[in-house]
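Report on the following structure.
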Amino acid sequence: MDKSHLLQSIGHASVTDLILWKNKRGGILLLGSATWLWFLFEKCGYSFFPFVANIQLLLVVILFLWAKSAILFNRPMPELPNLEISKASLLMVADPLRLLINTLLSIARDIYVNRNAKQLFRISVVLWTVSLVGSFFNFFTILYLGIVLCMLIPILYERYQHHIDEKLSVTHRMIQTQYRKIDERLLQKLIAKPTSKIKKMQ
């Protein structure tokens with residue numbers, strides 16, 4: 001994977017600049033905000049919904065008092081941005097979500113209809129890994145770690161691309177070797193048993 005492929009996989013130019021620390025101010029702001037929110041929820045014991053409600057209440061009160069003071073002292077009203085979600089923004093979020101849901105449904109159909117034991121094994125490993133990680137960390141900690149990793153992995157890969165590619169290649173070969181062993185010993189037997197039973201019934 002070269003640098004151009006890395007940038008294409010990350011996506012939009014502004015997101016690329018943020019994650020690769022070309023926009024240092026935005027990167028520091030994102031990482032600092034994520035750290036502050038994680039500390040607030042995890043260490044200070046703040047709950048998410050009361051926090052959101054209190055922030056909104058504070059903003060509404062500040063805007064109301066600001067508008068009232070502007071009328072009393074003949075000052076200009078506070079300028080607010082256009083507070084509405086555009087159709088383009090909604091489609092930009094909905095389209096990847098639609099593709100993800102369709103992919104999951106396609107995998108489920110492949111497992112159920114085609115009795116794909118290999119696909120079942122892969123999904124089981126992924127879900128077991130997610131369950132294992134979730135047993136050690138809660139949602140906000142996983143979300144915070146995801147943000148930190150998104151900020152660190154691309155810049156580390158850009159600097160140490162050759163060494164990382166070499167290690168990933170070795171790891172990939174080891175995983176493929178172990179998967180072939182499991183496939184030969186277990187999955188092929190699971191696939192063969194239903195077909196043999198169908199032949200006997202016929």
Side-chain angles (χ1 to χ4, degrees), residues 6-108 123-159:
L6 175 64
L7 297 180
Q8 288 176 3
S9 64
I10 292 174
H12 197 271
S14 59
V15 178
T16 304
D17 293 341
L18 189 67
I19 292 178
L20 293 179
W21 291 91
K22 294 179 180 178
N23 182 2
K24 292 184 179 180
R25 181 178 296 179
I28 293 172
L29 181 63
L30 175 61
L31 196 58
S33 300
T35 303
W36 179 71
L37 289 173
W38 176 80
F39 182 81
L40 194 67
F41 291 132
E42 294 302 315
K43 299 302 180 182
C44 297
Y46 228 97
S47 299
F48 177 73
F49 289 108
F51 173 78
V52 173
N54 289 335
I55 290 294
Q56 290 180 340
L57 176 62
L58 183 62
L59 288 175
V60 169
V61 171
I62 289 174
L63 290 174
F64 177 78
L65 294 177
W66 193 355
K68 280 291 186 181
S69 64
I71 295 173
L72 291 175
F73 298 104
N74 294 322
R75 293 182 177 179
M77 293 282 290
E79 295 184 4
L80 292 177
N82 188 16
L83 300 176
E84 66 178 26
I85 300 174
S86 65
K87 185 177 180 181
S89 301
L90 187 61
L91 289 175
M92 187 173 63
V93 175
D95 193 53
L97 184 61
R98 179 183 63 84
L99 292 175
L100 176 62
I101 293 174
N102 286 338
T103 301
L104 294 176
L105 291 175
S106 176
I107 292 172
I123 295 300
S124 300
V125 170
V126 171
L127 293 177
W128 178 80
T129 304
V130 172
S131 175
L132 183 64
V133 173
S135 65
F136 291 103
F137 306 103
N138 57 25
F139 175 75
F140 287 109
T141 301
I142 293 174
L143 185 63
Y144 174 66
L145 290 176
I147 294 174
V148 173
L149 290 175
C150 285
M151 298 295 293
L152 291 179
I153 289 176
I155 191 66
L156 291 175
Y157 181 81
E158 189 181 29
R159 291 184 180 180

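- The SG atom of Cys150 lies 11.0 Å from the CG atom of Leu145; values are rounded to the nearest 0.5 Å.
- In this structure, Ser131 contributes its side chain and Leu127 its backbone to no donor-acceptor pair below 3.5 Å.
- By the 4.5 Å heavy-atom criterion applied to side chains, Gln56 and Leu59 are not counted as neighbours.
- Counting only distance, with no hydrogens or angles, the side chain of Ser135 and the backbone of Leu132 share a donor-acceptor pair below 3.5 Å.
- In this structure, the separation between NZ on Lys68 and CG on Leu65 is 10.0 Å, given to the nearest 0.5 Å.
- Residues Leu37 and Phe140 have side chains not in contact (no heavy-atom distance under 4.5 Å, counting atoms from C-beta outward).
- Ring pair Trp38/Tyr144 is parallel by interplanar angle, where below 30° counts as parallel and above 60° as perpendicular.
- Residues Leu149 and Pro154 share a closest heavy-atom pair of O-CD, 3.9 Å.
- When all heavy atoms are compared, the tightest approach of Thr35 to Leu31 is OG1-O, 2.8 Å.
- Ile142 CD1 to Ile147 CD1: the interatomic distance, rounded to the nearest 0.5 Å, is 12.5 Å.
- Rounding to the nearest 0.5 angstrom, the gap separating the CG atom in Asn54 from the OG atom in Ser47 is 10.5 Å.
- Between the side chain of Thr103 and the main chain of Leu99, a donor-acceptor pair closer than 3.5 Å is present.
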